[in-house]
Amino acid sequence: MEETLFSLQQYKMTKQKDETLQKIQKQKLAQYQSDFKQFRVFCDEHLLKLDLNR
């Protein structure tokens with residue numbers, strides 16, 4: 001019984017953490033979207049390769 005409760009608590013905490021991380025990622029994406037677009041234009045204008053893996 002205790003193991004089941006512990007697993008349920010752990011599951012809830014993991015789910016909440018994942019949801020929080022997704023929310024933060026969406027906020028950061030929205031916050032920096034215009035900067036990224038400007039950076040992409042700069043790279044295109046100066047014939048620079050845009051490396052998205054960094």
Side-chain angles (χ1 to χ4, degrees):
M1 181 75 169
E2 285 183 35
E3 288 182 24
T4 304
L5 289 175
F6 180 73
S7 287
L8 185 57
Q9 272 188 318
Q10 192 172 16
Y11 169 77
K12 285 181 180 180
M13 288 176 58
T14 302
K15 186 176 179 187
Q16 185 178 19
K17 178 193 71 165
D18 292 342
E19 289 172 354
T20 301
L21 288 174
Q22 284 181 341
K23 181 180 175 185
I24 290 170
Q25 286 175 335
K26 286 179 183 179
Q27 287 174 342
K28 291 294 181 184
L29 180 63
Q31 180 179 357
Y32 294 112
Q33 190 69 33
S34 64
D35 291 341
F36 181 73
K37 286 179 183 177
Q38 290 177 0
F39 179 68
R40 177 170 274 171
V41 169
F42 174 84
C43 289
D44 289 344
E45 289 174 353
H46 293 87
L47 305 174
L48 300 172
K49 182 180 177 185
L50 185 60
D51 186 3
L52 300 176
N53 295 322
R54 291 185 177 194

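Nothing fancy with the numbering, it's 1 onward along the sequence.
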Within a radius of less than 6.0 Å around CZ of Phe39, do more than 12 heavy atoms belonging to other residues, nucleotides or ligands occur?
->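 Open: at most 12 neighbouring heavy atoms sit under 6.0 Å from CZ of Phe39.
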Using a cut-off of 6.0 Å, state whether more than 12 heavy atoms not belonging to Gln16 lie near its atom CD.
->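 No, the 6.0 Å shell around CD holds no more than 12 heavy atoms from other groups.
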Rounded distance (nearest 0.5 Å) linking atom CG of Leu50 with atom CZ of Phe42 |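 Nearest 0.5 Å value for the CG-CZ distance: 11.5 Å.
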Would you give the length of the straight line joining atom NZ of Lys15 to atom OG1 of Thr20, rounded to the nearest 0.5 angstrom?
->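 Output value for this atom pair is 12.0 Å.
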Are Asp44 and Arg40 close enough that some pair of their side-chain heavy atoms sits under 4.5 Å apart?
->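 Touching, per the 4.5 Å side-chain cut-off.
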